[in-house]
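As the structure is a computational prediction, the values presented were derived from the model and not from experiment. Proteins get letters first, then strands, A, B, ... in listed order; numbering begins at 1 in each.
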Amino acid sequence: MGMEWYIVRRVAWAAIVTFIIVSITWGLLTAAPNPQVQQAVTQAAMDGENPAEAEERMEAQLQLDRPLHVRFMDYVVGVYTLEWGWSNTRNQPVTSALASALYYTVQYSVPWTILTVLIGPIVGVYSAANQYSWKDHAATGLAFFGYAIPNFFFGIILLLIFGVQLRWIPIVYQTDVPMFSVENVIQLTIPIFVLVTGSIGAIMRVSRNESAEYANADFVKTAKAKGSPRTGSTHAT
Amino acid sequence: MAGCTGGDGTDTATDSPTETEGDAMGEDTPTPEGEVEIPEVGGTYNTVTSSPVDTLNPLYNTEAGAGTLIGYALDMGYTFGPGNEVIPQLYDLSTDDGGKVWTAKVRENLEFGAGYGQVTAEDFVYLVQEVHQSEWASTSAQNSWPSEVTVEQTGEFEFQIELPSANLLYPQTYDPLLYPIPKDLLKPYVDEEDDKGLQEDQELLELEFTGNLGAYTLEEWNRSSGQTYSRNEDYYMQEATDINQLFENAPYFETLESRVVQEQASRLGALETGETDYAAVPPERVEEFDSLDNVEVYLIPQPYNEVCVYNMRENGWNAGPGNLFREKKFRQGLGCAVDKQALVEGVFRGYANVEYTWQPRWSTWYPSDADVPEYGTGDLYGQEPTQSRIKEAIDNVEYDYSYDGQGRLLNPEGDQCTITLYHSAGQNTERSMAEFIAQEFEQNAGIAVEVNAIQGSQFSQEYWQQEVPENADELEWSNGSYNAGPRDKATSANPWDMTVVFGLNTYPLNPLTAEVFFQKDSFYNPYGYYPSWDAETLWEEANNAESTEELNDIMSEIFVNVADDQPMGMLAFPSSRSGYAADINGPAENFFSGWDFPAWYREE
C-alpha cells in the first residue's frame, strides 16, 4: 500500500503541475499581442486600407475570434493528445517538424554528450592528480576558456580560421551528405568541438574538486601504503 | 566596384570616384543588341538567405524573401524591367480606355504540372472570383481584389479586369499580379470554403503543380536549412526571345540551391570561399569584398527611406508648451539642421543617396524640372538658416520661446529645449544616424536631444499607434490605431518627440500610394501631420488623371509641396549592397536587377 500510494500521489501531482504549467503558458501566450495580427494591421494601414478589418480578418484566420474557454479547451486537449497542430513558422505538422529536426540534432548532440561526459571527468581527475602543476593549470585554463567564451562567437572565429582561411571545413552546413560519411564528420567537427569546450568546464571543475577531496582520504593513503601501483586518482575515482 | 548609385550621396553626375555609372532606373535597353551567344547549361547557382521562410504557399505568402524562393519555380503575371517597362510573363495587360478596363492576354504555351493541364484564362478568373474575392479564404492578395473590381473571362486565353475608376498606373500597383493556380486544385477547397485546408495544401506548399511556369522546379524544401531546385528544361519563357534573347535556352544552371545561413559572418565567409554566389554585404565591408578577385559588389538603389519623424500629436514636443513641430517654419528649420551629405558619407559610408522629397531622385516621378528645396545641403544647411527659420516659427506661437546668446533654444521657463529621439535597439547604423541627428540639432538648432534605444515592436505598440478614444464616433475621423483621430484628440499611450525607428517605402513605380502618408485623415498618420498645402485636391486630381503627362505634372506639384512642407526629416535612401560571385553574369546596378534572373549564367 505504502509505496504504491506514494507513486500514485506523485504521478497525480505531476499531472496537476503540468496542467498548471500548460495553463499558465496558454494564458501568457493569449495575453501577449499576436505579431501576425500586428503585422497585418500595419500593412493594411500603410496600404491605405482599413486596419480594423485587417485585424478581424487575421484573427479569424488564426481562430483567435473564438471565445476564450473554447480556445483554452482546444489547447489543453491538443497538448495531452499529442495533437500539437500546425506549425505556422514551418507550415508542416509540429510533430513532423520535431521529427525532421531530430535527425540533425542527434548528429551533433549524441557525440557532444558522450564526449562531454567522458572528457570532463577525465580531465578533472587528471588535474586533481597533478594539482598545481602546469598540467593542472593548463587544464583549468582550457576549462575556463571554454566556459567563458560565448559559443556563437567562438564558433564564428573557428569558422573564419578553418573555413575561410585554411578552407578545411565548409562554411555552409550540407544537409545532403550521408550521416555516416567523412564529409559529415568534417563538417560536424567544429560545432561539436565548440559545444564540448563550452560544457566540459563545469564538469571538469566539479570532478577536480571532488577528486582532490579524496586524494588524501584514508583509503587512498592505505592503498598507497600497501604499495598499490596505481595512482591515487584512480582510487579516488 | 561595378559602379555605384552615388557614393557621394547624390545621384547626380559628379566627379566622385564612386558616382553612378548608369541609371538607377536602368534606362538602357533590357535586351542585349545584336547576335547573342547562348551560354552553356551547367553547374549550380548557390544562394543564401538569413532566415528560414514560413511558407511557400503562393496564396498565403506575405514575405519578400519567400516570394523570391517561390519565384524561382513559379512566375507571376508580369514583372518590371529597366526603364520601368512592364514585361509580360504569363499575361500581357493593356488598356485602351484610359485605365478603367484592362485586358489580360494569357500566353498559350503555359502548362501546369501534376496533371492539371494547360493554363487558361479560366484559371485566373476562378482564382480571383472564388478565392481572392471570397470572404472565407483570406489570401494575401485579398486586398488587391475588392468586390468593386470585376473580373470576367472574355476568351480561352483572355480576361478583363474592370476597375471602379480609371487608374493609369494599375499594373504598377501590383494589384493585378497573379500567380497561376490550377482551378481543379482550388475547387475542393472552394466547395468546402476550407481556408485552413488551402493554406496547408501539400501541392501548394511544395510547389508541386508548377509545370513549365518557372525557370526551376522545387525538388526539396528542408524547413530549416533551405531549398533545392532543378532546371526546368521546358520553361515557357524560352519562347520569349523578343524580350531577351538569352531566354532562348534559359535557365542556365542545372541546379539552384538556397541555404539558410543565419549568421552574417558565415554568409560573408561563404561568399569569400565561393560556397555561395550571393550574399548581402554590410557597408563597412563593401571595399574589402569588392577588392576580392572572385566577388563583385553591386550597389542597387532601394525605395526605402530613412526618416526622422516628428510627433505633431498632442503628446509630442515635450520640451515646453504647445507643439512646435506643427509649425511649418520650425520643421523647415530642423530640415536645415542636419547635414544630409555628411550623414550619407559618414553613417552610410557613401552607400546611400540624399533624400529631399518622397521619391528617390532616380524615380521617373521625381519633379526634375520643378524647384525642389534641398533642405540639409548647400545654403539650406547650417546654424543660420536653421535658427532664422526657427525664430520665425517661435514668433508665430503664443508661447515665449527664445534663443540665448549661446544659440540655445530656451522654453518659456528659460531652460534649454530637450527632446527625445528613439531608434531601434541593436541597429548600429540607426543608432549612429540618431546620434548624428542629435549632434546636429544641438549644434545648429540649439535643441538638446536625448537618444533612446527601444525595441521596434514596443515602440509601435506604445508610442506609434494611438489608443482609439471612447468617443471615436463623435470625432471628425477615427481610422484605426495608426490614425485614431485628429491630433488634438487621439494620442499614443506614451509621449514621444522624434523617431527614426521606421523607414518607409516610397513606391517609385506607383507614387499614388504615398497619399496615405500625407493626408490628415488617412489610415496612416501616426505623426499627426496636417498638410499646409491643399493635399486633398491634389491627390484627388492625381487619382483622376487621364494621361501620364497630367499625372506627372500633378505628382511633381505634390512632391515639391512635400519637400517644402517638411512633414518629417527626409534624410536618405540607403542602397542595397549585393555581393555576387564575379563570374555570375546578370546582376545590374539598377532598381530592376533580377527581373531576368532565368537568363543569368556563369561565365566560363
Side-chain angles (χ1 to χ4, degrees), chain A residues 32-33 35-36 38-63 85-93 96-98 100-101 103-105 152-153 155-157 159-176, chain B residues 46 48 52-57 60 62 135-138 142-144 146 195-196 199-200 205 220-226 228 257 259-261 263 265-273 275-276 457 460-461 464-465 468 479-483 504-505 513 515-517 519 522-526:
Chain A
Q36 274 177 283
Q38 284 305 316
Q39 199 188 345
V41 170
T42 307
Q43 195 55 51
M46 292 178 72
D47 289 347
E49 282 140 14
N50 191 338
E53 281 175 19
E55 187 171 5
E56 273 177 32
R57 206 161 49 230
M58 186 49 87
E59 284 185 348
Q61 197 178 322
L62 298 172
Q63 298 189 319
W86 188 261
S87 162
N88 282 333
T89 56
R90 298 169 64 104
N91 262 290
Q92 63 183 161
S96 306
L98 289 174
S100 59
Y103 174 78
Y104 299 103
T105 308
F152 78 92
F153 180 70
I156 289 171
I157 297 293
L159 209 55
L160 290 176
I161 296 171
F162 294 103
V164 178
Q165 298 299 324
L166 300 172
R167 313 238 166 157
W168 290 355
I169 56 165
I171 307 283
V172 181
Y173 178 78
Q174 302 297 324
T175 51
D176 50 358
Chain B
N46 293 292
V48 288
V53 294
D54 293 349
T55 185
L56 292 180
N57 185 329
Y60 288 96
T62 53
E135 292 198 346
W136 58 270
S138 302
Q142 189 177 40
N143 294 336
S144 300
D195 61 322
K196 203 164 181 301
Q199 281 180 61
E200 298 173 7
L205 276 174
E220 191 195 4
W221 173 20
N222 187 318
R223 294 301 197 273
S224 26
S225 72
T228 304
E257 299 243 6
R259 292 278 162 259
V260 179
V261 182
E263 192 59 52
S266 305
R267 293 195 295 274
L268 293 171
L271 181 64
E272 190 175 342
T273 59
E275 280 181 59
T276 178
S457 55
S460 174
Q461 289 280 317
W464 193 242
Q465 298 181 50
V468 178
N479 289 332
S481 59
Y482 289 96
N483 189 2
L504 299 163
N505 192 340
T513 51
E515 178 177 356
V516 75
F517 299 117
Q519 287 267 46
S522 70
F523 281 115
Y524 197 85
N525 189 5

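Per-residue heavy-atom pair counts under 4.5 Å with chain A were compared for Thr62(B), Thr273(B), Val261(B), and the maximum is reached by Thr273(B). Among the candidates Gln465(B), Lys196(B), Gln142(B), the residue making the largest number of heavy-atom pairs closer than 4.5 Å to chain A is Gln142(B). Contacts with chain B were tallied for Gln38(A), Glu55(A), Gln63(A), Gln174(A); Gln38(A) has the most, counting heavy-atom pairs under 4.5 Å.
With a 4.5 angstrom heavy-atom cutoff, Gln461(B) touches chain A only via side-chain atoms. Neither the backbone nor the side chain of Trp464(B) comes within contact range of chain A; no heavy atoms are under 4.5 Å apart. Neither the backbone nor the side chain of Gln519(B) comes within contact range of chain A; no heavy atom of the residue lies under 4.5 Å from a heavy atom of that chain. If you measure heavy-atom distances from Gln199(B) to chain A, the contacts under 4.5 Å come from both the backbone and the side chain. Looking at Glu200(B), both its backbone and its side chain come within 4.5 Å of chain A, counting heavy atoms on both sides. Looking at Val53(B), the atoms closer than 4.5 Å to chain A (heavy atoms on both sides) all sit in the backbone: N, CA, C or O. In this structure, chain A has a heavy atom under 4.5 Å from the side chain of Glu275(B), while its backbone stays farther away. Heavy atoms closer than 4.5 Å to chain B are found in the backbone of Tyr173(A), but not in its side chain. For Ser100(A), no part lies near chain B; criterion is any non-hydrogen pair under 4.5 Å. Using a 4.5 Å cut-off between heavy atoms, Arg167(A) touches chain B through its side chain atoms alone. Asn50(A) touches chain B through backbone and side chain together, each having a heavy atom under 4.5 Å away. Contact of Ser522(B) with chain A is not made at all, since no heavy-atom distance falls under 4.5 Å. Heavy atoms closer than 4.5 Å to chain A are found in the backbone of Asn479(B), but not in its side chain. Of the atoms belonging to Pro93(A), not a single heavy atom falls under 4.5 Å from chain B. Contact annotation for Ser87(A): neither backbone nor side-chain heavy atoms come within less than 4.5 Å of a heavy atom of chain B.
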### Task
Mind running side chain to side chain contact (heavy atoms under 4.5 Å, CB included) on Thr175(A) and Tyr103(A) for me, showing each step along the way?
CA-CA 10 Å; Thr175(A) 51; Tyr103(A) 174 78; over 6 Å; no

### Task
Just do the side chain to side chain contact (heavy atoms under 4.5 Å, CB included) check on Val164(A) and Leu159(A) with the steps written out, would you?
CA-CA 7 Å; Val164(A) 178; Leu159(A) 209 55; over 6 Å; no

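When atom types are taken as modelled, the side chain of Asn57(B) and the backbone of Leu205(B) share no donor-acceptor pair closer than 3.5 angstrom. With Asn525(B) contributing its side chain and Asn483(B) its backbone, the two residues share no donor-acceptor pair below 3.5 Å. Counting only distance, with no hydrogens or angles, the side chain of Thr228(B) and the backbone of Glu257(B) share no donor-acceptor pair below 3.5 Å. Put simply, the side chain of Arg223(B) gets close to the backbone of Arg90(A): a donor and an acceptor are under 3.5 Å apart.
The aromatic rings of Phe517(B) and Tyr524(B) sit perpendicular to each other, their planes meeting at more than 60°, with 30° as the lower class boundary.
Trp168(A) CH2: 12 or fewer foreign heavy atoms inside a 6.0 Å radius. Within 6.0 Å of atom CD in Glu263(B), more than 12 heavy atoms from other residues, nucleotides or ligands are found, so the atom counts as buried in its surroundings.
Gly480(B) approaches Pro51(A) most closely through the heavy-atom pair CA-CG, 4.3 Å. What you find for Asn46(B) and Thr276(B) is that their closest heavy atoms are O-OG1, 3.3 Å.
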